[in-house]
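A short worksheet on the structure shown next.
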Amino acid sequence: MIVYKSAEEIELIRQSSLLVGKTHAQIARFIRPGVTGIELDRMAETYIRDHGATPSFKNYNGYPFTLCISVNEMVVHGFPSNKPFSEGDLISIDCGVFMNGFHGDSAFTYGLGTMLPDTLKLMKTTHECLLKAIEKALVGNRVGDISYAVQQHAESNGFSVVRELVGHGVGKKLHEPPEVPNYGKRGTGTLLKEGMVIAIEPMINQGKREVKTLADGWTVVTRDGKPSSHYEHTIAVGKEKADVLSTFEYIEEAIKGNSNITLR
Ligand code: MF3
Ligand code: CO
């Protein structure tokens, strides 16, 4: 059952989502060749707990870390590891926090140093997919309008949409109904209403759409080994405009001072 949120509850989700954005920014300063995901994970967990919150992902269905760090052919749910990042890596970082009874959830993809043109286009297109999807998150529209917007933009740019994983409602639980697929038909699916808070999270592959899960039970990778990109915002459905509760502004400010990062 969909849980509709009051204006007060949406403000609490905004607070959690803003802390997610600040956590991303905090670690984004340190992304460079040689740094490990484990180091970023430790920083993120400390930062979240220092702000009176807890990491949403840690222990969620047994997930062992604060962050998901998915490098290159990893789509989502990659484990932060001891393998140092290298020039040319495509690094997607996903983070959630739980504070004052509500979750916030957001993901961002970074390029490290010089990126191949196709990979840069993948990042740019995936980010645009998220923005186009958010434009459809209006009262009276349906989930399928969001899904269609993502699929249309990704495929018209020659990329493919991961189907096995979806966006979701966000609230007292990290994952609530409805599911928000990144592919679908306009005018279909759950009607969007005032008070709905959802995480929209396009996962777009440079090559084919097929994925598999590694033996660790979590890491989702592309079957063809080509790169995948992922951006996510937590938003409240709006009458004229969706209310974007998470933000990339802190990230964008933080990486101005980090010349190792390449964006779109
Ligand atoms: N943003 C992702 C999602 O909504 C991250 C979940 S990781 C998990 O599925 F460990 F919490 F599952
Ligand atoms: Co999510």
Side-chain angles (χ1 to χ4, degrees), residues 13-33 35-51 53 55-57 65-72 74-78 80 85 87-99 103-115 119-134 167 170 199-204 227-236 242-264:
I13 300 174
R14 191 193 311 279
Q15 292 311 313
S16 299
S17 301
L18 290 178
L19 182 57
V20 173
K22 289 178 185 174
T23 306
H24 275 295
Q26 177 66 16
I27 60 176
R29 299 171 208 281
F30 296 96
I31 298 176
R32 57 172 168 78
V35 162
T36 68
I38 282 285
E39 291 171 302
L40 299 185
D41 192 76
R42 242 186 258 119
M43 286 184 225
E45 180 169 2
T46 302
Y47 187 84
I48 290 166
R49 295 196 191 280
D50 284 351
H51 287 77
S56 298
F57 301 169
F65 297 99
T66 291
L67 303 175
C68 300
I69 303 186
S70 307
V71 182
N72 298 330
M74 296 179 195
V75 178
V76 285
H77 303 169
F85 297 142
E87 168 97 13
D89 278 349
L90 183 70
I91 304 167
S92 140
I93 301 184
D94 194 346
C95 180
V97 314
F98 182 73
M99 187 170 67
H103 293 275
D105 188 7
S106 178
F108 195 86
T109 299
Y110 304 87
L112 199 44
T114 309
M115 305 300 290
T119 311
L120 268 183
K121 185 183 169 198
L122 175 69
M123 293 169 73
K124 177 172 183 283
T125 303
T126 309
H127 183 252
E128 288 165 353
C129 284
L130 174 58
L131 300 183
K132 286 176 185 290
I134 291 170
V170 179
I200 302 178
E201 47 180 319
M203 289 152 263
I204 307 299
S228 183
S229 172
H230 178 217
Y231 295 80
E232 176 179 24
H233 269 317
T234 298
I235 66 106
D243 189 355
V244 183
L245 304 175
S246 53
T247 178
F248 297 150
E249 278 173 30
Y250 301 119
I251 296 177
E252 276 154 14
E253 192 55 40
I255 62 185
K256 277 184 192 159
N258 183 346
S259 59
N260 299 289
I261 303 287
T262 306
L263 292 187
R264 340 192 241 287

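Since the structure is predicted, the reported quantities are computational estimates derived from the model, not experimental observations.
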From [X] atom [atom1] to [Y] atom [atom2], the distance as rounded to the nearest 0.5 Å:
X      : Y      : atom1 : atom2 : answer
Leu245 : Ile235 : CG    : CD1   : 7.5 Å
Asp243 : Ile134 : CG    : CD1   : 10.5 Å
Met203 : His77  : CE    : NE2   : 7.5 Å
Arg42  : Thr36  : CZ    : OG1   : 7.0 Å
Asp89  : Thr262 : CG    : OG1   : 11.5 Å
Ile261 : Arg32  : CD1   : CZ    : 11.0 Å

Closest non-hydrogen atom pair, [X] against [Y]:
X      : Y      : value
Met115 : Leu112 : SD-N, 3.4 Å
Gly104 : Thr234 : C-OG1, 4.1 Å
Ala53  : Leu19  : CB-CD2, 3.5 Å
Val244 : Arg14  : O-NH1, 4.2 Å
Asp41  : Thr66  : OD1-N, 3.0 Å
Phe30  : Val35  : O-CG2, 3.2 Å

Within the structure provided, determine whether [X] and [Y] are in side-chain contact (heavy-atom separation under 4.5 Å).
X      : Y      : value
Phe65  : Ile38  : yes
Asn260 : Ile31  : no
Tyr110 : His24  : yes
Phe57  : Asp105 : yes
Phe85  : Ile69  : yes
Ile27  : Tyr47  : no
Pro227 : Leu122 : yes
Met43  : Gln26  : no

Given 3.5 Å as the limit, does a donor-acceptor pair link the side chain of [X] with the main chain of [Y], or not?
X      : Y      : value
Ser106 : Glu232 : yes
Ser70  : Gly78  : yes
Thr109 : Ile91  : no
Glu201 : His230 : no

Practice prompt. Mind running salt bridge (Lys or Arg N to Asp or Glu O under 4.0 Å) on Lys132 and Glu128 for me, showing each step along the way?
Written response: CA-CA 6 Å; Lys132 286 176 185 290; Glu128 288 165 353; over 6 Å; no

Original post:
Going through the checks in order, is the side chain to side chain contact (heavy atoms under 4.5 Å, CB included) test met by His103 and Ser16?
Top reply: CA-CA 6 Å; His103 293 275; Ser16 299; 5.9 Å; no

- Task: Begin from the C-alpha positions of Leu40 and Leu67 and carry the test side chain to side chain contact (heavy atoms under 4.5 Å, CB included) through to its verdict.
- Result: CA-CA 8 Å; Leu40 299 185; Leu67 303 175; 4.2 Å; yes

**Prompt:** Among Ile48, Ile251, Ile93, which one satisfies side chain to side chain contact (heavy atoms under 4.5 Å, CB included) with Thr23?
**Reply:**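 That would be Ile48.
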
(request) Report the relative orientation of the aromatic rings in Phe108 and His127; use parallel for angles under 30°, tilted for 30 to 60°, perpendicular for over 60°. (result)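 Perpendicular.
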
Here the side chain to side chain donor-acceptor pair (under 3.5 Å) pairs for residues 244-256, sequence neighbours left out, are His233-Ser246, Glu252-Arg264, Glu253-Lys256

